[in-house]
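To start, the structure under review is shown below, and the notes come after it.
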Protein chains: 2
Amino acid sequence: MATIHDVAKLAKVSIATVSRVMSGADPVNPKTQQRVLAAMEKLNYRPNGLARNLRNLRTNVIIALMPNIQNPFFSEVIRGIEDGAREAGFHLLIGNTDGDRGKAKEYMALLDESLADGLILTTAQTDQAFLDEFAAHRPIVLACEYMEGSTIPTVSIDNISAARKVVKHLLALGHRRIAHIMGPNEVILSRARLAGYRQALQQHGLEVDEMLVQEGDFSLDSGYRVTRKLLSFKRPPTAIFAANDEMAIGAIRAIREHGLQIPDDISVAGFDDLTVSSFVSPSLTTIQQPRYEIGYRSVEMLIRLIRSEPLAQTQVVLDDSLVIRESSGVPKEHM
Amino acid sequence: MATIHDVAKLAKVSIATVSRVMSGADPVNPKTQQRVLAAMEKLNYRPNGLARNLRNLRTNVIIALMPNIQNPFFSEVIRGIEDGAREAGFHLLIGNTDGDRGKAKEYMALLDESLADGLILTTAQTDQAFLDEFAAHRPIVLACEYMEGSTIPTVSIDNISAARKVVKHLLALGHRRIAHIMGPNEVILSRARLAGYRQALQQHGLEVDEMLVQEGDFSLDSGYRVTRKLLSFKRPPTAIFAANDEMAIGAIRAIREHGLQIPDDISVAGFDDLTVSSFVSPSLTTIQQPRYEIGYRSVEMLIRLIRSEPLAQTQVVLDDSLVIRESSGVPKEHM
DNA sequence: ATTGCGATTGTAAACCTTTACAACTTTTTG
DNA sequence: CAAAAAGTTGTAAAGGTTTACAATCGCAAT
């Protein structure tokens with residue numbers, strides 16, 4: 001591999017001049033520049049990024065941590081992050097934590113080893129004190145989740161009000177026995193959506209039947225299993241609100257296998273509006289959230305942090321919207 | 001940030017000794033070691049990875065390039081890659097190309113800038129000559145796709161025979177007008193699956209009706225659109241074989257909207273066996289391929305290449321299997 | 001006492017850039 | 001024509017490691 005010294009020697013200039021030709025920061029005599037460019041071409045010279053990074057103490061790498069790449073929700077967020085990163089000249093390192101805090105910490109350590117410039121967390125398991133401490137001295141942005149009482153810059157929707165919106169929709173259709181399939185309890189997001197569910201019922205003067213709140217893990221399969229359980233009750237729910245679309249699709253499968261019609265016998269609503277949700281049958285009532293934009297805005301903020309530029313806003317809340325499709329309808333007794 | 005010099009000074013040793021304590025390669029007097037460890041602890045020392053990488057001319061980063069992170073097929077492959085990489089102490093940089101060759105080349109350039117040690121391509125657009133040349137001097141593995149006549153190490157299934165298997169299944173059920181929704185023609189994989197489709201028909205003594213071969217782009221939506229077109233024909237097909245599950249799910253939607261029953265009026269088969277494919281209604285007949293293993297084996301090979309270790313095999317072909325579910329059945333006229 | 005050896009540690013170069021500063025050349029100005 | 005300014009280039013240090021090689025020390029063997 002040719003180095004800058006080889007180029008300098010061939011072009012009969014100093015290495016400083018070669019560097020200047022590359023960066024374009026300082027003026028270089030056009031003739032000299034030509035010689036240098038010719039030499040670089042001839043030697044097929046490629047600057048060594050490691051040396052450059054060491055000198056600059058910058059890597060132009062940002063890390064995005066997510067609990068599960070497989071979840072299509074996150075892959076759209078990633079797209080936003082990746083596009084934003086690209087535009088600013090950053091590369092994206094993706095870390096899959098599988099919800100494992102140890103893995104997450106491994107990735108976080110890369111910041112301290114100068115192997116990455118910043119970090120985006122798409123799900124904070126609740127080690128809030130640790131996280132706050134960590135974020136105090138390092139560029140970090142929290143995407144998708146809002147952490148009560150934290151000062152970490154955040155981009156998300158208002159999960160509580162969004163969940164409330166879904167449940168109110170079901171209430172307005174006439175449902176009274178509405179179940180909730182929540183995500184893992186240790187995920188902040190899950191608890192926020194559950195809170196919205198409770199609020200809607202309470203505002204409607206209804207008690208929450210704790211039997212109707214069941215925990216899943218955001219996977220298709222968990223939605224399927226939990227729904228079978230719900231259907232086995234003496235008084236099964238007339239509507240199910242799942243904390244994400246995947247679990248809702250699992251629920252749909254379980255309901256159909258049970259010989260019931262959607263939405264005639266039972267309504268289903270999800271959360272996230274995955275692309276597939278408008279293609280499944282019945283198509284899914286759900287909350288559309290600006291996943292791409294969440295990613296894009298997060299990385300924008302992160303890069304400002306990295307550059308020590310001031311943030312206009314430290315907590316960004318984006319709009320969501322309820323998308324009503326075939327899976328939710330008036331309950332039977334009301335028809 | 002404390003450096004190795006600070007640690008050395010505090011522990012009253014040379015930087016070489018500190019380095020030795022970290023690497024554990026050379027022997028160090030236990031007492032000295034204790035002093036050094038204490039100093040590191042006290043200063044909260046973290047070695048600078050950039051400096052280490054520059055010195056070693058290694059980054060421990062590998063890049064995985066894919067056309068589309070959003071495709072759930074790839075996210076499972078990524079998991080395999082990521083796990084394999086982690087186990088070997090490598091980090092994974094994910095590059096989304098959007099099928100754009102320019103973006104792909106940008107990522108590939110990172111190898112020449114010493115910012116990554118190796119590359120896994122999950123889809124080769126056909127710039128075969130360029131790719132062969134590029135791979136000749138750099139650690140590269142091709143995952144998912146087999147490139148005819150290339151010497152680039154590859155891990156994949158036999159797409160031709162797998163596609164043949166699907167079509168033979170449909171033929172065995174009695175179908176004669178079988179459509180194929182292929183992937184983008186410039187993707188090798190798409191052409192392989194098309195080839196399998198043709199072979200199966202020919203081996204059965206049937207002509208290929210070129211009207212029944214339509215091109216999609218692997219997205220749900222393209223499957224939907226193409227199917228509407230197929231259904232508008234005077235003599236629509238009695239079965240549709242889509243080159244991936246997403247297009248198949250799009251096809252199902254279009255067929256239902258058209259008021260037809262699956263599989264009574266028309267059968268559908270996909271390719272990939274996404275998790276969601278067993279949850280949609282009707283559940284999908286498809287080809288199961290070992291996505292995780294493809295990723296895992298690819299990275300294994302790549303790391304051997306990076307370490308200049310010999311490869312036992314340069315072209316690995318893994319097993320696939322046909323999964324028959326609800327979406328395929330006997331055509332009407334045969335019932 | 002001398003020699004030799006193993007164990008341990010230190011010195012200094014190398015990895016390849018970027019950039020502050022100095023130096024030199026050419027042009028402009030009075 | 002001298003002096004100042006502008007334009008161009010070079011020198012050398014710095015960024016933080018790893019490691020080949022040399023040096024030192026203690027101790028056993030002769």
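Source: prediction; values computed, not measured. All heavy atoms count here, side chains included; hydrogens, waters and symmetry mates do not. In what follows, chains carry the letters A, B, and so on, assigned in the order in which the sequence lines appear, proteins first and then strands, with residues in each chain numbered from 1.
For the atom pair CG of A/Leu142 and CG of A/Leu131, the computed distance is 6.5 Å after rounding to the nearest 0.5 Å. Atom CG in B/Leu189 sits 5.0 Å away from atom CZ in B/Phe218 (nearest 0.5 Å). To the nearest 0.5 Å, the span separating CG on B/Asp117 from CG on B/Leu57 amounts to 10.0 Å. In this structure, the separation between CG on B/Leu110 and NZ on B/Lys105 is 15.0 Å, given to the nearest 0.5 Å.
Of the side-chain N and O atoms in A/Tyr45, one or more sit less than 4.0 angstrom from OP1 or OP2 of C/dT17. For the pair A/Ser19 and C/dT17, the criterion of a side-chain N or O lying under 4.0 Å from OP1 or OP2 is not met. The phosphate of C/dT9 (OP1 or OP2) has a side-chain N or O of B/Thr32 nearer than 4.0 angstrom.
Taking atom CG on A/Asp6 and atom P on C/dC15, their separation rounds to 11 Å, with Å as the unit. Rounded to an integer number of Å, the gap from B/Asn48 CG to D/dA14 C1' is 13 Å. The distance between atom CD1 of B/Ile4 and atom C1' of C/dT9, rounded to the nearest whole Å, is 14 Å. Here C/dT17 presents its C1' atom at 16 Å from CZ of A/Arg58, a figure rounded to the nearest Å. Rounded to an integer number of Å, the gap from CG of A/Asn56 to C1' of D/dG16 is 14 Å. Between the CG atom of B/Leu57 and the P atom of D/dT17 there is a distance of 16 Å, rounded to whole Å. Rounded to an integer number of Å, the gap from B/His5 NE2 to D/dG15 P is 10 Å. Note: CG (A/Asp112) to P (D/dG16) measures 15 Å, nearest angstrom.
If you check the side chains of A/Glu87 and A/Tyr296, you find a donor sitting under 3.5 Å from an acceptor. Residues A/Thr154 and A/Gln315 bring a donor and an acceptor atom of their side chains to less than 3.5 Å of each other. Looking at A/Asn48 and A/Arg46, their side chains never bring a donor and an acceptor atom within 3.5 Å of each other.
Near-neighbour residues of DNA chain C inside residues 8-18 of chain A, defined by a heavy atom below 4.0 Å, number-ordered: A/Ile15, A/Ala16.
Nearest nucleotide to the side chain of B/Leu54, out of C/dT8, C/dT18, C/dC16: C/dC16. Side-chain proximity of A/Thr3 to C/dC16, C/dC21, D/dG16: nearest is C/dC16. When each of C/dG10, D/dG10, D/dT17 is scored by its nearest atom to the side-chain atoms of B/Arg52, the top-ranked nucleotide is D/dT17. Relative to the side chain of A/Arg55, the nucleotides D/dT9, C/dT9, D/dG15 differ in distance, and D/dG15 lies closest. Taking the side chain of B/Ala51 as heavy atoms from C-beta on, and the options C/dC15, D/dT17, C/dT17, the nearest nucleotide is D/dT17.
Heavy atoms from other residues, nucleotides or ligands lying under 6.0 Å from CD of B/Glu309 number more than 12. Within 6.0 Å of NZ on A/Lys103 lie more than 12 heavy atoms contributed by other residues, nucleotides or ligands.
In this structure, B/Met1 reaches neither bases nor backbone, as no heavy-atom distance under 4.0 Å exists between it and the strands shown. Note on A/Asn53: nothing from the nucleic acid sits closer than 4.0 angstrom, heavy atoms only. Nucleic acid contact for B/Asp26: none, since no nucleic acid atom lies under 4.0 Å from a heavy atom of the residue.
Rounded to 10 degrees, the angle separating the terminal axes of the helix from C/dA1-D/dT30 to C/dG30-D/dC1 is 60°, with each axis obtained from five end pairs.
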Inset, instruction - Given side-chain contact (heavy atoms from CB on, under 4.5 Å), test B/Gln289 with B/Leu318 step by step and report yes or no. - result: CA-CA 8 Å; B/Gln289 54 170 322; B/Leu318 300 176; over 6 Å; no

